[in-house]
Participant: 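Encoded as C-alpha cells, here's the structure I'll be asking about.
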Number of protein chains: 2
Amino acid sequence: MGIRHVALFRWADGVTSDQIAEVEGALERLPAVIPQLRGYTFGRDLGISANTYDFGVVADVADEDGFTAYRDHPDHQAAREIIVSLAVDRASLQFAIPDPD
Amino acid sequence: MGIRHVALFRWADGVTSDQIAEVEGALERLPAVIPQLRGYTFGRDLGISANTYDFGVVADVADEDGFTAYRDHPDHQAAREIIVSLAVDRASLQFAIPDPD
C-alpha cells in the first residue's frame with residue numbers, strides 16, 4: 001500500500017504567471033533529488049470548472065517514511081516557502097493507494 | 001496530455017465510518033462503468049498530518065470530454081449526492097498531466 005499526498009492552493013490576488021512559473025520550476029526538480037517520490041504531478045487549474053483552487057500537487061510515495069522524506073527535504077522546503085509566500089488557502093490530505101504493479 | 005481531477009472533502013460533525021463506507025462503495029464501482037477513467041483513486045485521510053481534509057478523490061481522464069463524461073455519469077451523480085449530503089467543505093481543481101506511457 002502506498003500513500004498519495006494531495007495539496008491544493010489558492011493564490012493571493014495579484015500573483016502573476018511568472019511567480020507561478022517560479023513555483024513550477026522549484027517543484028519540477030524535486031523528483032530528481034527525492035528518490036522516495038514514485039510519482040509526482042502538479043499544475044495550474046485548467047479553468048474547466050467553477051470555484052476551483054488554483055494549483056495542485058499530487059505526490060505518491062511508498063509509506064509514511066517516504067512522505068516524511070519528501071516533506072522535510074530541503075528542496076521541498078524551499079519550494080514550500082515560495083508557495084506559502086503566494087498562497088492564501090491550502091487544502092491537503094494523504095490517503096492510501098495500491099502499490100504500483 | 002491528460003487531465004487529473006482532484007476533489008477533497010471535509011465531513012460534517014457526526015458523519016460515521018459506515019456513512020463513509022457508503023461513499024466508498026458508490027465510488028469504487030465507477031471505473032467499471034465509466035471507461036473514460038484512466039485512473040481512479042480515493043480514500044480517507046490517513047491522519048499523518050494536521051489540518052487535513054477528510055477524504056480525497058483523484059480521477060485521471062484523457063481530455064475535457066472524458067472529464068465531462070465522468071462528471072455527468074449518473075452513477076457518479078449518485079455518489080456525488082451521497083457526498084454532498086455528508087460534506088461541509090470541498091476543494092477541487094483539474095490540472096494537466098502527461099499521457100500514460
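Side-chain atoms are counted along with the backbone in the values below, which use heavy atoms only and exclude waters and symmetry mates. The chains referred to below are lettered A, B, ... by the order of the sequence lines, with proteins before strands, and numbering in each begins at 1. These numbers come from a predicted model, not from an experiment.
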Participant: Let me confirm one number: the CZ-CG distance from A:Phe95 to B:Leu8, rounded to the nearest 0.5 Å.
Facilitator: 8.5 Å
Participant: With a 4.5 angstrom heavy-atom cut-off, could you sort out which part of A:Arg4 is near chain B: side chain, backbone, both or neither?
Facilitator: side chain
Participant: Step through the shown structure and confirm whether more than 12 heavy atoms of other residues, nucleotides or ligands are within 6.0 Å of CZ on B:Arg38.
Facilitator: yes
Participant: With side chain to side chain contact (heavy atoms under 4.5 Å, CB included) as the test, pick out the partner of B:Val6 among A:Val57, A:Asp45, A:Val58.
Facilitator: A:Val58
Participant: Go through the atoms of B:Phe67 and report whether side chain, backbone, both or neither lie under 4.5 Å from a heavy atom of chain A.
Facilitator: side chain
Participant: Using the rule that two of Ile, Leu, Val, Met, Phe, Trp, Tyr join whenever any of their side-chain heavy atoms come within less than 4.5 Å, decide whether B:Ile34 and B:Val23 are in one cluster.
Facilitator: yes
Participant: Kindly compute the distance separating CG (A:Leu46) from NE2 (B:His5), expressed to the nearest 0.5 Å.
Facilitator: 12.0 Å
Participant: For B:Asp99, does the CG atom have more than 12 heavy-atom neighbours from other residues, nucleotides or ligands under 6.0 Å away?
Facilitator: yes
Participant: For B:Glu81, is the CD atom crowded, meaning more than 12 foreign heavy atoms sit under 6.0 Å from it?
Facilitator: no
Participant: Are A:Val33 and A:Leu27 co-members of a hydrophobic cluster defined by side-chain heavy atoms under 4.5 Å apart?
Facilitator: yes
Participant: Return the CG to CD1 distance between B:Leu93 and A:Ile48, rounded to the nearest 0.5 Å.
Facilitator: 9.5 Å
Participant: Looking only at non-hydrogen atoms, find the nearest pair between B:Ala91 and A:Tyr53 and report the distance.
Facilitator: CB-CE1, 3.4 Å
Participant: Is a side-chain donor-acceptor pair under 3.5 Å present for B:Gln94 with A:Ser49?
Facilitator: yes
Participant: In terms of heavy-atom pairs under 4.5 Å with chain B, which of A:Arg71, A:Arg90, A:Glu64, A:Arg10 leads?
Facilitator: A:Glu64
Participant: Between B:Ile97 and B:Tyr40, is there shared hydrophobic-cluster membership here, with clusters defined by ILVMFWY side-chain heavy atoms closer than 4.5 Å?
Facilitator: no
Participant: Which region of A:Asp89, side chain (C-beta onward) or backbone (N, CA, C, O), has a non-hydrogen atom less than 4.5 Å from a non-hydrogen atom of chain B, or is it both or neither?
Facilitator: neither
Participant: Hey, which of A:Ala7, A:Gly56, A:Gly47 has the most heavy atom pairs under 4.5 Å with chain B?
Facilitator: A:Gly56
